[in-house]
Structure formats: structure tokens, C-alpha cells
Colleague: 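Below you'll find the structure I mean.
Quick note: residue numbers are just sequence positions, from 1.
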Amino acid sequence: MTDSFDIGGPIAGDGTWSEESDWELLDFEDGEEGEGHVAVPTLAIVGRPNVGKSTLVNRIIGRREAVVQDIPGVTRDRVSYEANWAGRRFMVQDTGGWEPDAKGLQQSVARQAELAMQTADAIVLVVDAVVGATATDEAVAKVLRRSKTPVLLVANKVDDERTESEVAALWSLGLGQPYSVSSIHGRGTGDLLDEVLKALPETPREGTGGQGPRRVSLVGKPNVGKSSLINKLSGSERSVVHDVAGTTVDPVDSLVELGGKVWRFVDTAGLRKKVSHASGHEFYASLRTKGAIEASEVSILLIDASQPITEQDLRVLSMVSDAGRALVLAFNKWDLVDEDRRYMLEKEIDRDLVRVPWAQRVNISAHTGRAVQKLVPALETALESWDKRIPTGRLNTWLKEVVAATPPPMRGGRLPRIMFATQAGTRPPTFVLFTTGFLEAGYRRFLERRLREEFNFDGSPVRISVRVREKRDRGKR
């Protein structure tokens with residue numbers, strides 16, 4: 001019999017325990033990290049809105065990652081994905097549509113596309129072959145002709161031989177041979193990728209070698225300031241910021257240097273109250289956000305300190321907790337918080353965030369830059385706890401002393417004994433207790449609290465599983 005307790009997880013609040021039958025299969029050694037981070041070249045996909053850039057990205061990477069919907073303007077940021085063709089790895093960067101006379105939000109989108117052109121190792125300009133070359137396409141081509149970066153012209157939506165005849169007209173853009181593809185059906189994409197590999201250098205113009213940076217997901221409800229924080233940390237307009245909720249749709253990767261180290265930040269879409277209420281690209285964006293949390297090592301949950309903590313905040317917190325990630329709570333918009341609001345916020349934290357008293361807390365303002373530098377030590381502390389391993393001998397010596405001073409409560413007229421404990425894994429720290437009887441929920445929480453006091457797991461969840469020894473005569477019955 002095995003009982004599982006996930007401290008700070010979804011079952012911590014109600015004291016119920018679920019069966020955990022896979023501990024016998026668990027490798028009690030630390031899992032090793034993957035291969036070291038190797039810099040690879042980047043291919044930027046650019047073009048005007050709704051020509052099928054994101055569909056082409058999905059075709060290139062071989063999976064549905066980029067958010068696609070049959071309306072213009074769904075992609076708003078530069079979003080990078082890893083691709084592999086003919087044994088060569090490279091990054092594919094999806095961009096928002098490029099409009100030369102764009103205003104407001106669209107102007108910010110256009111700037112992202114221009115930045116992608118400046119930093120990529122090769123560029124694919126996507127044109128709608130059915131519509132033909134528009135004034136916007138000609139303006140983009142004029143910019144690209146001055147670029148020293150290799151450019152491939154792609155005529156998309158060539159679904160049959162009839163449309164093929166329209167492609168020849170695109171030679172007028174002055175970018176050389178147009179490559180006919182149908183990104184939705186895959187027609188011609190293999191030949192295009194062969195040409196892409198010829199254009200891409202073996203090593204990128206820009207890149208970092210060595211070990212990969214620690215992965216941080218920025219999560220929170222819509223319009224809480226996630227993209228503003230990314231821009232403040234990076235010192236550049238990396239993510240599109242607008243006072244319209246839901247500006248970010250895809251997770252957006254940013255390499256940011258903080259505290260002398262490079263971090264990989266992922267700005268995610270704000271989650272609505274319930275995924276079932278979302279439709280179209282919003283539904284897929286919520287799935288991307290969940291994936292970004294699971295792919296990260298530590299999450300920064302951004303909460304609007306000037307407003308009451310909401311159901312959305314708690315739902316995002318549950319996603320991070322369920323994924324077992326290290327956690328930093330960043331209370332944003334602190335410049336808008338007065339004394340009365342501070343008092344109410346402390347009450348809300350005590351009431352609503354009781355399941356994560358171990359989380360690191362930082363009060364910041366992404367708009368003014370107040371205290372954003374304090375995020376680095378909070379992240380480092382949380383990750384150190386998340387990676388921590390306690391030697392088995394030290395763990396059992398400590399446990400023996402704790403149990404001797406405060407034994408578990410009697411159950412069925414018998415006193416359960418804890419015979420042995422081991423740390424089964426890290427990321428998050430996971431412990432297994434081998435006992436002769438069931439341990440009450442309250443006693444497990446007591447052990448978790450004392451474990452944190454002794455070994456300091458600030459910023460990380462801790463998982464505890466209890467394996468109860470089967471009675472020897474049970475099998476004879």
C-alpha cells in the first residue's frame with residue numbers, strides 16, 4: 001500500500017490521499033539534465049498579416065505549436081521554435097504581420113518583425129500567391145533587398161497546378177526565385193527546407209554557448225503586466241505591450257541577462273477564468289501556457305497588487321503547483337498600492353495563498369522598474385531549493401530525532417513506526433517514508449514543516465509519499 005502526499009499540491013488543502021502505485025518503478029537517483037545548450041542558427045518567417053506564416057511554421061517544425069486562426073493578426077510577437085531537417089537543428093521565429101503604415105498595436109507588431117529581420121541568420125518572406133504581390137509585399141521586399149541576410153521568397157497557398165502559373169509574377173519583387181508551397185497541405189515544403197539549409201550558416205551570427213539558461217515562465221491573468229516586465233528586464237521592446245487585455249497569444253521566448261547570468265524567460269498568454277469559455281486561438285493559447293509552465297523550471301506568478309486576488313490568479317497558481325515547479329510570487333503595480341490596500345492584501349494572502357506559504361514573494365512595478373532586480377535572488381533561491389538533495393544518512397538522523405520528540409498519533413490502537421526515509425528525486429524534492437502504518441494528514445504536514453525548517457526549501461514545493469509495509473500474513477488469506 002502506498003499513500004502519496006504532495007505538499008502544496010492539489011490535494012494539500014483537503015487532507016485526502018491518493019493511491020500511488022508507481023514508486024516501485026521509481027529510479028531513486030537524480031535525473032540528469034539533457035545535452036548542453038548548443039547555439040543554432042535562426043530562420044525568421046516574415047510577411048504581411050494572414051499570408052499563412054504560422055501555418056508554415058507548424059509545417060516546418062512538424063507539430064502544431066504556433067497559434068493559427070483564419071483571421072489576420074493572431075500572431076503578435078516574435079515566437080521561436082526548434083526545428084530539425086535532414087539532421088540539422090535550427091530555430092524558427094514566427095512574427096506578427098508587417099504593415100509599413102501600421103498604427104498603435106499593429107505598429108508594435110511591425111517593429112517585432114523588423115527586429116527579427118535584424119537578428120535572424122536567414123529570412124523567409126511569405127507572400128500569398130493567390131492575391132499576388134501587394135504594396136505591403138513590395139515595401140517589405142524593398143527593406144529586405146538592402147539586408148545582408150539571405151532571403152528566400154515563398155509563394156504560399158499554391159494548392160494546385162492552376163495557382164502555380166501565378167507564381168512567376170513574384171519575380172518582380174527582386175528577391176530571386178519564388179518557391180511555391182502550400183503550407184496547409186505540405187506541398188513543396190520539403191524542397192523549401194532543402195534551400196533553407198543551404199542559406200543557413202552552420203553557426204549563428206549571435207548566440208550563447210555552454211549550458212542552457214535556466215527556464216522561467218511568466219504567468220498570470222490577462223493584462224497583469226507580464227510583457228511589460230519582460231521589456232523592463234531585457235531593456236528592449238521584446239514583447240508587444242498594449243492596454244488591451246490578451247495582447248500576448250503565444251508564449252514568447254526571451255534571453256535576458258540578469259545578475260551576470262543569462263535566463264530564458266517565456267512570456268505567456270493570460271489565462272481566462274475557464275478554458276471552456278475560450279474559443280479559437282484563445283483555447284490553443286491556454287494550452288501553450290500550460291505547456292510553457294511544464295517546460296520551465298521556475299514560474300513567476302504575476303499578481304496585480306492593486307486589485308483583490310482573483311479566481312484566475314488561483315487557477316494559474318494551481319497549474320504551477322500541479323506541475324511541481326519552483327515558484328516566485330511577484331506582486332506587480334506596487335506603485336499603485338496605498339496603506340489600506342497593503343493591509344487588505346496581507347489578509348488576502350493569508351486566506352487565499354495558504355497552500356504556498358513557501359513561495360518567494362517580491363513586490364515590484366514593471367512600469368517604473370521598482371525592485372525588479374530583487375527577482376534574481378528570489379529565482380536563484382527557488383531553483384536552489386528545487387534542485388536540492390539531502391543525503392540519506394542525514395535525512396534519517398534528523399527524522400529519528402523528530403519522531404522521538406513528537407511521535408505520530410496512534411491509529412487502531414497501534415503506534416505506526418517510520419522505519420526509513422529516502423529522497424527519491426529532485427525537481428521538485430520528493431521524499432518517500434517507509435512505515436508500518438498509516439500517517440495522519442496533520443502529522444504529514446508537521447513533518448513537511450519541520451523538513452523545511454531544517455533543510456530550507458524556500459521557493460520549491462516538496463512532495464512526500466508514504467509506503468506502508470504490507471502485513472506478511474495478508475497474502476495467505
Colleague: Could you check whether K347 pairs with D352 (Lys NZ or Arg NE/NH1/NH2 to Asp/Glu carboxylate O, under 4.0 Å)?
Modeller: no
Colleague: According to the salt bridge (Lys or Arg N to Asp or Glu O under 4.0 Å) rule, which pairs have a member within residues 396-410, sequence neighbours left out?
Modeller: none
Colleague: R370: which residues meet the salt bridge (Lys or Arg N to Asp or Glu O under 4.0 Å) condition with it, sequence neighbours left out?
Modeller: none
Colleague: Out of curiosity, I364 CD1 to L302 CG, how far, rounded to the nearest 0.5 Å?
Modeller: 5.0 Å
Colleague: Hydrogens and angles aside, do S318 and R355 bring a side-chain donor and acceptor to less than 3.5 Å of each other?
Modeller: yes
Colleague: Of all residues at least two apart in sequence or in a different chain, which pass the side-chain hydrogen bond (donor to acceptor under 3.5 Å, both in side chains) check with T368?
Modeller: S365
Colleague: Any pair with a residue in residues 364-390 that passes ring-ring contact (aromatic ring centres under 6.0 Å, His included), sequence neighbours left out, goes on the list, sorted by first then second residue, please.
Modeller: none
Colleague: Applying salt bridge (charged side-chain N to carboxylate O under 4.0 Å, His left out), run through R361 and E346 and close with a yes or a no.
Modeller: CA-CA 12 Å; R361 285 172 51 184; E346 288 297 327; 3.0 Å; yes
Colleague: R449: which residues meet the salt bridge (Lys or Arg N to Asp or Glu O under 4.0 Å) condition with it, sequence neighbours left out?
Modeller: none
Colleague: Among residues at least two apart in sequence or on other chains, which ones pass ring pair (Phe, Tyr, Trp, His ring centres under 6.0 Å) with F455?
Modeller: W398
Colleague: With a 3.5 Å cut-off and no angle check, do the side chains of D137 and T134 form a donor-acceptor pair?
Modeller: yes
Colleague: Regarding T310 and D313, do their side chains bring together a donor and an acceptor under 3.5 Å, going by distance alone?
Modeller: yes
Colleague: With E448 as reference, evaluate R445, R444, R452 under the side-chain hydrogen bond (donor to acceptor under 3.5 Å, both in side chains) test and give the passing residue.
Modeller: R452
Colleague: Just jot down the side chain to side chain contact (heavy atoms under 4.5 Å, CB included) partners of V376, sequence neighbours excluded, or say none.
Modeller: L258, W263, E380
Colleague: Answer yes when R427 and E297 have at least one side-chain N-carboxylate O distance shorter than 4.0 Å, and no when they do not.
Modeller: yes
Colleague: Mind checking what makes salt bridge (Lys or Arg N to Asp or Glu O under 4.0 Å) contact with R417, not counting sequence neighbours?
Modeller: none
Colleague: Tell me every residue that passes side-chain hydrogen bond (donor to acceptor under 3.5 Å, both in side chains) with S183, counting only those two or more places apart in sequence or in another chain.
Modeller: N156
Colleague: Taking only residues two or more places apart in sequence or in another chain, which ones pass side-chain hydrogen bond (donor to acceptor under 3.5 Å, both in side chains) with E339?
Modeller: none
Colleague: Quick one: ring pair (Phe, Tyr, Trp, His ring centres under 6.0 Å) partners of F331, sequence neighbours excluded?
Modeller: none
Colleague: Test of understanding: with salt bridge (Lys or Arg N to Asp or Glu O under 4.0 Å), list the residues that count as partners of E348, not counting sequence neighbours.
Modeller: R341
